[in-house]
Every structure is written in C-alpha cells, then in structure tokens.
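Comments concern the structure below.
Every chain is numbered from 1, with letters handed out A, B, ... down the list of sequences.
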Amino acid sequence: MARFVVRRLLSMVLVLFAISILTFLIFQAIPNGDPAVRMAGRLATPEQIAQIRQSWGFDDPIWQQYLTTMGKIFSGDVVSYTQQLNVLDQIKQALPATLSLSIGAGIIWLFFGVLFGLISAIKAGRFTDRALTVLALVGVSTPVFLLGAVALYFLAFKLTIFPNGGYVPLTDDPVDWLYHLILPWCVLSVLFIGVYSRVLRSNVLDTMSEDYVRTARAKGISERRVMVRHVLRNSMIPIISLWSLDFAAVIGGGAILTESVFNLQGVGQYAADSIQQLDVPPVLVVVMLGAFAVVILSALTDVIFAFLDPRIRLTG
Amino acid sequence: MTPAMSDAERLLDVDDLRVSFRTEEGVVHAVDGVSFHVDRGEVLAIVGESGSGKTVTGMSLMGLNRSPNATFRGRATLKGRELLSASDAELRRVRGGEIAMIFQDPMTALNPVQRIGDQIVEQIRAHEPLSKAQALDRSVELMERVGVPRAAERLRSYPHEFSGGMRQRVMIAMALSCSPELLIADEPTTALDVTIQAQILRELDQLRRETQAGVILVTHDLGVVAEIADRIAVMYGGRIVEQGTLDELFYDPQHPYTWGLLGSITRVDRDRPGRLPAIAGLPPSLLAPPSGCHFRPRCPHEFDKCVQRPELEVRDPAQPDHCDRCWLAVEDKRRLRVVDGEIGLAAKQGKVVA
Ligand SMILES: Nc1ncnc2c1ncn2[C@@H]1O[C@H](COP(=O)(O)OP(=O)(O)O)[C@@H](O)[C@H]1O
Ligand code: SF4
Ligand SMILES: [Mg+2]
C-alpha cells in the first residue's frame, strides 16, 4: 500500500511537470501569440509594447518565464494577462458550477446506464433490447454541442420549459440550481448512458453464462438474488472502474463543451475563454488542476477496484 | 426393466428423458430417451465420452438448463414428485435442498468476489431459517467434515486463495450443507490431480454411507467408477447403451461400445504391448443422429438389423438388472468381445486409432 502511494505520487509529479511544460511551449509556438501586443491594445505605440514586455518579463529566456510563472502559480498570486485578475480566485468562483455539473451528470449516467444495460441484457434479442440498442447508438453518436443546442432551442427557447442557460449557486436557491442544471446534466450524460448501457449489457450476458452463476442457481435461491448478488455484482466491477475514470476525465476538462453551450460559467468555460484569448496563466492552471484531478481519481479507482475484486492487489 | 423396489428405497426415477436444444445450426438432441433410477445410499455412475449428454441429464433433473430454446420430454420423479414440470417455487426447494450438484470445474464454480463462508451460508439459509452466525457454525462443521484444515479461519478467504482440490471440497461441503437426498457429482475429480482425486472420491463414498444419500457420479473415467459405483449406466450419443451392476458391466459387458471403453482403461492384470486402444471414429452428430443404433457408424459388428433402433432391454434373463441397446445375440457378444479384447476394439475399416 505504501509503495502504491509513493509510486502514484511520484508519477503525479512527473505528469504535472510534463503537462505544464507542454502547455507552456504550445503557447510559445502559436503565431500572433505575443501577449504584450495583445495586452497593449490596437492603438499602442512600440514603446508601450516594449514597456509591457519588460515589466511582465516577456523578454526573459523561455525557461525563466516558465519558472517565474510556475513560481507565481504555487505562491497563489498568478494573474491572467487579459483581465489581470487572480487566476485562482477566478477558478474558485467557477468550481461549484463545474462540480455541480459533473457530479450530477455522473450519478445520472451511472444510474441510467446500469438500468438500461440491465434491461437490455434481461430482454436480450427482444424488442426492448433492440430499441435500447438503437437509442444507445444515437446517444453515442450525437455530439454534445449539437444535442445541447437543439435542447436549448426547443426546450428553453421555443417551449420555455427550461431556462436559457446560466448557473444559479446551490446556496442561493436549491430549486433554481436544479432547474438550471437539469438540461446540462442530461446533455452531458447521454453519451455516457449510451456507452455504459452497452458495456453493462455485454458484461451481464457474459457473467450469466459463468459457472458460478449456475452454482448460485443450483443453491435454490431466488432468480432475483442470483441476478443481484451474483450477476450484477460481478458485472458492475468494470463499470465502477470505468465510471471513476470517466468522471475524472469530465472533471479534468470533459465538461468544457457542455459548460459553454449552457453558459454555466464553470472552470471549463473559463479555460475555453482563456484559450481563445491566448491567455497562458489560466490555461496552465486549469490544465494542471485537471491533470491533478485525473491522476488522483485514477489512483482512487485502483483502490476501489482492489476493494471490489479481492483478486486484484494494489501495486505501483 | 428392473424389479420393483419398495418405495422407501427408490429415490429417483427417470423415464424416457429427452432433452433437445434449438440452436442456430439446428435442433441438438442432447438426451434421447434416457431411463434409469437411483436408490437411497446407492452410487449410480454415468460414464461416456464427452458430449454424450451426461451433464445435460444431470442439469435437467434440477432444471438448471431450462431456457426458451430447450425442450424436455419424458418423466423424472424424485420420491414420486415430478421434476421436469416443477414450478419455479418447487424447483427452488429441490435445488440445493433435495438435490445438490457438484460441478466439474471447481476453479470457476465459486463466485470469485464472495467469501467462501458467505457462499456456503447463502446455500444454507436458502433452505433453513438459521441466523447468519448459526449458518456459519454449520459451515465450519461442514468444512471440517470434508477435510479443509483451519476451517473457521478459511471461511473468510476468497476462492482464489484455495487450491483446486480445496475448492472442490468447498463445493462438496456446500452441496452437503442442507443434507440433500440426491447428490449429482458431475466429473468431480476430472480437473484435479490424481492423489487429490482418490481422496475426494473416498470422501464422497464415506459421505453417502453416512448420509444414505443417493449419488449420481458422472465421469468418463472407469477407474473412478470401479472404486465406488454400485451400478453403471453407459451413455453414448444421448442414449444409455448399457446399464447394470458394477460386476455385470466390468465382467460381462454386452455392448460393443462398453467393451471398447473397458479396453481403453489400463489393465494391470494383462500385459498390453504398445498404445492403449481407443475407439475409432467420432461421436455421432446430435444434430442429425444416425438412424437405428447410434453406434452403427463406429461399430465393427454392425449388421442389417442395426438400422432399427435397439431398445434398452434385458437380453440375458439370468441378469434381470442388466440391459443394453445392441441387436447382437448374447452368445455372439461374449465371443466377439473376447476377440476385440485381444486386439483392442477393432476399427471399422481395419484402422485402429489410438
Ligand atoms: N444449452 C445448450 N444448447 C445447445 N446445445 C447444448 C446445450 N447444452 C448442451 N448442449 C449439447 O449437448 C451435448 C451433450 O452435452 P453434455 O451433456 O455437456 O455432454 P457431457 O457432459 O456428456 O460431456 C453436447 O453436444 C452439447 O454441445
Ligand atoms: S446394434 Fe448393431 S451397430 Fe449397434 S452396437 Fe450392436 S451390433 Fe453394433
Ligand atoms: Mg459434462
């Protein structure tokens, strides 16, 4: 266990280091990326630009700029180029929207993915199964931005059942919070529900033909107990692992599109806006936080996996 | 076919059991008119090569292979109660309670993510109103009885922490936990190594003496049969081709397939040069079985009458429990099997395949 933790921590440091350098270099390589020119505005004189360049340290060698920026990130006073606001404060403000979206959607897609997958497996080959298969296919192949735009157009704009985007903090008004999140949750979940129901369906069908399920049936326990205790329990192990990895990916950046379409003002949207303005510090911080979340959650996934399946041992 | 037994002795009666499965290739006639019976405290061995329908026969008695694609015909009664048409609720009482089954491969027969103790407890509590603690106590006794050391502690282990032999003991403990009257052991030792095989068989033998349970021992190993069986049924292509007591089958086999099988076990009483003879040819297709005698395509003694289906009948009045499905006259069988015994079962076109 100690070995596992140490190895995971080490690999986390490595990942964060690599990803920060990569992000930093990408922005250096982008044409028209000179931040001083953008910050000085359209009517700036060359002297003004030079002055900005000097005071922000854009003349320094790249490695020094990298170190300075990282230093600022870790001391907490990193500032964005465009708005010149503290990046960490901005992220703190945006975080509740992102967490609300991801956690809610995660619960929804797990629940419905399992439900539809189980129904599909039990009714394998029959009409219900085929209908669910088609639905899953449609769900998997519809892009989030399209689905989001269509949902907004019909349900929010035309029928005005739902609000036209935006986020209301849970602490302000729980009902309004829910009301604003229902559409984004569903839109973000659709793809995952499609995937999960297919994965679970095939897991359940495979598990049903396992010898130990026959043993369970030979005990004289109810069919329901066979399904829940033996078939579902074993079929869920890979699903739970998949879920925590996907959840990590959504937290770590997978919700960007949904946030932007529904104007949720979350971390992903903040990152998207910053990329548009070639604003390096916020992007760097968001990318590193995302990677951090992914690494931590995937380590957690391994722990959960080892807990659910006694045959798995935690190694590095 | 067999003399009437008093009802108290007779446990299981199977009469003309037919099981077929609809598959994409066609209808598989896995079991084609099987009849046998098992009495209390008796071991009936069912032998036959792989695919002859032994497992399907056993599973059908517990309804374990019921499915929309499966068709069951005939009768199977346990103490007079019909099994094939039993309702789901009746089946639940039968499964694990009155009939228990031990499966072939102990490596895959236990749930990998459930503790051994929990798996035995689940079996006990499916049939008896015990608390979990009481059921655990019972599990410890059972595990000790089948020879698992440090039983109380090992109940907390998971299957992967056990060897194959230990897992099969767990399966036996589980099967015995509700004192079933009939135990179906489907090749219980095939997956185990030889020393463990002998131990497990000895334990099964002792248990049926203690509990007076009837046992159906499915195997393709005649050595195993010789150890503990009282009677033997030989299956071929979904049918029983010969049935009788251990002595009748071993010393007076009546069906060419049986004496072929006997020829393929190691004989210590006789020197056999070269390889063990096996029976030439392939098992019959269950999709389109040959007409008449199923053994016809492989039988070196086939004659014109064999295109008619031979029934499982007593053919020597001196042995009223001994029946077979072969048209040859008894004296011809006794003569031919001696010749075959010298050279191994002669192959059809003069080919002997080992
Ligand atoms: N559920 C099923 N569907 C289709 N065919 C089956 C099914 N179960 C068994 N069979 C077929 O029935 C035949 C007999 O199988 P089995 O009883 O397992 O043989 P044995 O136990 O004697 O080796 C085999 O050919 C097998 O493929
Ligand atoms: S009935 Fe005919 S084919 Fe069948 S075993 Fe006897 S002799 Fe051979
Ligand atoms: Mg079998």
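Ion pairing between a basic and an acidic side chain is recognised when a charged N comes within 4.0 Å of a carboxylate O; Arg92(B) and Glu223(A) show no such pairing.
Residues Arg95(B) and Lys219(A) fail the side-chain proximity criterion, which asks for heavy atoms closer than 4.5 Å. Looking at Asn111(B) and Thr215(A), their side chains never come closer than 4.5 Å, going by heavy atoms from C-beta outward.
Taking a 6.0 Å sphere around CZ of Phe292(A), one finds it holds 12 or fewer heavy atoms contributed by other residues, nucleotides or ligands. Within a 6.0 Å radius of CZ in Arg18(B), other residues, nucleotides and ligands contribute more than 12 heavy atoms. Residue Arg75(B) qualifies as open at atom CZ: its count of foreign heavy atoms under 6.0 Å is 12 or below.
The ring-ring contact (aromatic ring centres under 6.0 Å, His included) search around Phe192(A) returns Trp109(A), not counting sequence neighbours.
For a residue to count as touching a neighbouring chain, one of its non-hydrogen atoms must lie under 4.5 Å from one of that chain's; by this rule Asp309(A) touches chain B with backbone and side chain alike. Heavy atoms closer than 4.5 Å to chain B are found in the side chain of Ile237(A), but not in its backbone. Interface residue Leu64(B): only side-chain heavy atoms are found under 4.5 Å from chain A. Only the side chain of Met171(B) comes within contact range of chain A, with heavy atoms under 4.5 Å apart. For Gln119(B), the parts sitting under 4.5 Å from any heavy atom of chain A are the backbone and the side chain alike.
Residue-level contacts of residues 125-141 of chain B with chain A, in order of numbering, are Ala126(B), His127(B); threshold 4.5 Å between heavy atoms.
Considering only heavy-atom pairs separated by less than 4.5 Å from chain A, the leading option among Asp88(B), Leu110(B), Thr108(B) is Thr108(B). Contact tally against chain A (heavy-atom pairs below 4.5 Å) for Met107(B), Met59(B), Glu161(B): the top residue is Met59(B). Per-residue heavy-atom pair counts under 4.5 Å with chain A were compared for Cys178(B), Gly96(B), Gly97(B), and the maximum is reached by Gly96(B). Between chain B and the residues Asn234(A), Asp211(A), Leu308(A), the largest count of heavy-atom pairs under 4.5 Å involves Asp211(A).
Minimum interatomic distance between His160(B) and Pro310(A) (heavy atoms only, all atoms of both residues): CE1-O, 3.3 Å.
A cation-pi arrangement is found for Arg214(A) relative to Phe103(B), the charged atom lying closer than 6.0 Å to the ring centre and inside a 45° cone about the ring normal.
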Determine, step by step, whether Arg225(A) and Glu122(B) satisfy the salt bridge (Lys or Arg N to Asp or Glu O under 4.0 Å) criterion, reporting the C-alpha distance in whole Å, the side-chain angles of both residues, the deciding distance to 0.1 Å, and the verdict.
CA-CA 10 Å; Arg225(A) 194 176 163 106; Glu122(B) 183 175 46; 2.8 Å; yes
Show the numbers, then the answer: is there a side chain to side chain contact (heavy atoms under 4.5 Å, CB included) between Arg233(A) and Gln114(B)?
CA-CA 10 Å; Arg233(A) 167 81 166 77; Gln114(B) 209 180 16; over 6 Å; no
